[in-house]
Number of protein chains: 2
Amino acid sequence: MVHMGDTTAPRWLSDDEQRTWRAYLHATTLLEDHLDRQLQRDAGMPHIYYGLLVQLSQAPRRRLRMTELARSAKITRSRLSHAVARLEKNGWVRREECPSDKRGQFALLTEEGMEVLRRTAPGHVAAVRQALFDRLSPEQVAQLGEIMRVMAEGLQPSDPDADLPWLR
Amino acid sequence: MVHMGDTTAPRWLSDDEQRTWRAYLHATTLLEDHLDRQLQRDAGMPHIYYGLLVQLSQAPRRRLRMTELARSAKITRSRLSHAVARLEKNGWVRREECPSDKRGQFALLTEEGMEVLRRTAPGHVAAVRQALFDRLSPEQVAQLGEIMRVMAEGLQPSDPDADLPWLR
DNA sequence: ACTACATAGTTCAACTTTCAAGGACGAGTC
DNA sequence: GACTCGTCCTTGAAAGTTGAACTATGTAGT
């Protein structure tokens with residue numbers, strides 16, 4: 001290994017890697033845009049907001065602490081504050097104080113929010129299917145899963161607990 | 001089950017599919033965030049803006065029509081207008097009128113913009129390598145490329161012949 | 001030439017995201 | 001208690017994005 005700091009010749013991508021990288025960027029942005037539009041049209045909110053409702057719907061008593069929700073949705077607490085404020089305005093989420101920690105807040109899914117989810121989930125799953133799973137072979141689905149897990153492992157921001165949900 | 005316009009029960013995702021879908025969302029958002037931060041820090045712009053400069057750098061005479069650039073970067077013309085305005089303010093891009101079509105505008109990469117690219121490209125490639133290619137086997141890279149191409153094919157919004165020969 | 005419509009790009013308003021700052025509370029130490 | 005420090009969450013301003021409306025120009029049909 002040569003020690004030259006910034007001046008080391010960069011290892012550019014091979015042709016194969018470059019094609020794959022372009023395909024990755026192309027496909028992921030197309031899918032993201034597609035789902036964003038689908039949900040904006042059918043559920044009146046962007047994909048990430050929908051994801052928040054889903055997380056809440058699967059939590060015990062349909063509620064999560066803000067920080068917990070932010071962590072599982074991979075967004076900053078600031079962003080979550082704004083998002084929950086918006087969802088609250090829609091009547092789909094409500095805040096509730098945490099009795100054991102007065103700094104804390106729960107976000108909880110209202111019955112109205114649950115109803116939105118019930119109404120729109122089938123369409124959303126259909127969109128994901130149509131874009132992804134109905135086009136891939138079972139082997140490809142397995143491959144994709146494995147590749148994504150490898151990627152995520154390498155990117156896990158220094159948040160040791162993220163790996164250890166069973167330790168909480 | 002709810003019966004709305006659609007008479008068929010929704011086909012939910014299998015456990016495998018669900019795991020893969022979660023891994024996909026997790027990994028792609030982590031990577032996107034990572035590259036956005038890396039480029040914001042090292043190049044002073046988000047990933048998508050960097051992509052615009054790259055596109056321009058590879059175009060003949062380092063210029064592209066706005067619509068063409070928007071298409072190849074997969075963003076709306078509106079978004080591009082704003083982005084180019086910002087990049088113009090940085091001195092990295094310039095607009096130029098199109099002689100053959102007075103409605104048209106070229107976006108062109110300035111020497112200053114080229115310099116930013118030269119300075120920051122190695123670090124960006126390194127980030128992509130470290131996050132993706134250095135962690136995947138050659139087989140996985142090939143698999144990923146193929147999967148992404150399949151995905152993109154199903155989502156291509158403006159490829160008339162690809163989509164609906166049998167639909168309408 | 002006239003009409004009608006399509007295309008290129010920008011602009012405005014509403015919304016979302018980011019970043020830095022700040023207020024409130026909890027936990028540890030003296 | 002008082003001090004310090006870290007955590008929980010919010011806020012406000014700046015930056016970015018979206019979708020619709022708009023201007024100007026090109027194109028086709030009559």
Side-chain angles (χ1 to χ4, degrees), chain A residues 29 32-41 43-52 63-90 92-108 157-161 168, chain B residues 29 32-41 43-52 63-90 93-108 157-158 160:
Chain A
T29 63
E32 179 69 13
D33 287 3
H34 182 64
L35 295 182
D36 255 343
R37 280 177 220 290
Q38 185 264 316
L39 283 170
Q40 190 69 57
R41 177 167 46 79
M45 62 190 136
H47 191 195
I48 186 112
Y49 287 33
Y50 180 87
L52 296 176
R63 73 196 60 202
L64 283 173
R65 286 288 293 271
M66 293 293 282
T67 296
E68 185 65 21
L69 180 52
R71 213 164 49 78
S72 73
K74 287 105 200 167
I75 63 178
T76 62
R77 283 178 309 231
S78 170
R79 188 174 172 183
L80 180 61
S81 270
H82 290 297
V84 167
R86 197 271 223 188
L87 292 171
E88 212 169 9
K89 224 175 257 177
N90 282 306
W92 299 334
V93 166
R94 230 178 44 235
R95 281 180 230 244
E96 206 161 84
E97 302 205 341
C98 174
S100 64
D101 184 339
K102 290 186 179 172
R103 297 167 305 176
Q105 292 272 109
F106 284 103
L108 69 90
S158 57
D159 187 1
D161 295 328
R168 207 181 57 81
Chain B
T29 62
E32 179 69 13
D33 287 3
H34 181 65
L35 294 182
D36 255 343
R37 281 177 216 290
Q38 184 264 316
L39 282 169
Q40 190 69 56
R41 176 166 49 78
M45 61 188 137
H47 190 195
I48 186 104
Y49 286 33
Y50 180 87
L52 296 176
R63 73 195 60 202
L64 284 173
R65 285 289 292 271
M66 293 294 280
T67 296
E68 185 64 23
L69 180 53
R71 214 168 49 77
S72 72
K74 285 109 201 163
I75 63 178
T76 61
R77 288 186 309 261
S78 169
R79 187 173 175 184
L80 181 61
S81 270
H82 292 297
V84 167
R86 197 271 222 186
L87 292 170
E88 212 169 8
K89 224 175 257 179
N90 283 306
V93 165
R94 231 180 40 238
R95 282 181 228 244
E96 206 162 84
E97 303 206 339
C98 175
S100 64
D101 185 339
K102 289 185 180 174
R103 296 166 306 176
Q105 292 270 107
F106 284 103
L108 69 90
S158 60

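Proteins get letters first, then strands, A, B, ... in listed order; numbering begins at 1 in each.
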**Student:** Given atom CG of A:Asp101 and atom C1' of D:dC9, what is their separation to the nearest angstrom?
**Tutor:** 10 Å
**Student:** Which whole-number value in Å describes the distance from B:Leu69 CG to C:dG9 P?
**Tutor:** 10 Å
**Student:** What do you reckon, is CZ of B:Arg86 surrounded by more than 12 foreign heavy atoms closer than 6.0 Å?
**Tutor:** yes
**Student:** Tabulate protein N/O versus nucleotide N/O from nucleotides 1-5 of chain C, keeping only pairs under 3.5 Å, one per line.
**Tutor:**
none

**Student:** Between A:Gln40 and A:Arg103, which is nearer to the 5' end of DNA chain C once each is assigned its nearest nucleotide?
**Tutor:** A:Gln40
**Student:** Considering only side-chain heavy atoms of A:Arg37, which listed nucleotide, C:dG26, D:dT25, D:dG19, is closest?
**Tutor:** D:dG19
**Student:** Can you name the side-chain hydrogen bond (donor to acceptor under 3.5 Å, both in side chains) partners of B:Gln105, sequence neighbours left out?
**Tutor:** none
**Student:** Can you find a side chain N or O atom of A:Thr76 that sits less than 4.0 Å from OP1 or OP2 on C:dT17?
**Tutor:** no
**Student:** May I ask you to decide whether B:Arg63 forms a salt bridge with B:Glu96, counting only side-chain N to carboxylate O separations under 4.0 Å?
**Tutor:** yes
**Student:** Starting at NZ of B:Lys102 and ending at C1' of C:dT7, how long is that distance when rounded to a whole Å?
**Tutor:** 17 Å
**Student:** What does the B/S/- profile of nucleotides 10-15 of chain C look like, 5' to 3', with a 4.0 Å heavy-atom cutoff to protein?
**Tutor:** BBB---
**Student:** Mind calculating the distance between CD (B:Glu96) and P (C:dA8) to the nearest angstrom?
**Tutor:** 19 Å
**Student:** Looking at A:Glu88 and A:Arg95, is any side-chain nitrogen of the basic one under 4.0 Å from a carboxylate oxygen of the acidic one?
**Tutor:** yes
**Student:** Which whole-number value in Å describes the distance from B:Arg71 CZ to C:dA8 C1'?
**Tutor:** 14 Å
**Student:** Considering just the side-chain nitrogens and oxygens of B:Arg65, establish if one lies under 4.0 Å of OP1 or OP2 belonging to C:dG9.
**Tutor:** yes
**Student:** Would a 4.5 Å heavy-atom cut-off, applied to side chains only, mark B:Val93 and B:Leu108 as touching?
**Tutor:** no
**Student:** Measure from CG on A:Leu39 to P on D:dG19 and round the result to the nearest Å.
**Tutor:** 13 Å
**Student:** Using 4.0 Å as the upper bound for N to carboxylate O, is an ion pair formed by A:Glu97 and A:Lys102?
**Tutor:** no
**Student:** Rounded to the nearest Å, what distance is computed from the CD1 atom of residue A:Ile75 to the P atom of nucleotide C:dT18?
**Tutor:** 9 Å
**Student:** Is it true that a side-chain atom of B:Asp36 and a backbone atom of B:Pro46 form a donor plus acceptor pair closer than 3.5 Å?
**Tutor:** no
**Student:** For A:Arg65, look at atom CZ and say whether over 12 heavy atoms of other residues, nucleotides or ligands are found less than 6.0 Å away.
**Tutor:** yes
**Student:** Return yes if some donor-acceptor pair links the side-chain N/O of A:Asp101 with the main-chain N/O of A:Arg103 below 3.5 Å, else return no.
**Tutor:** yes
**Student:** What integer distance in Å separates A:Glu32:CD from C:dT16:C1'?
**Tutor:** 13 Å
**Student:** Give one of base, sugar-phosphate or nothing for A:Ile48, where a contact means two heavy atoms less than 4.0 Å apart.
**Tutor:** sugar-phosphate
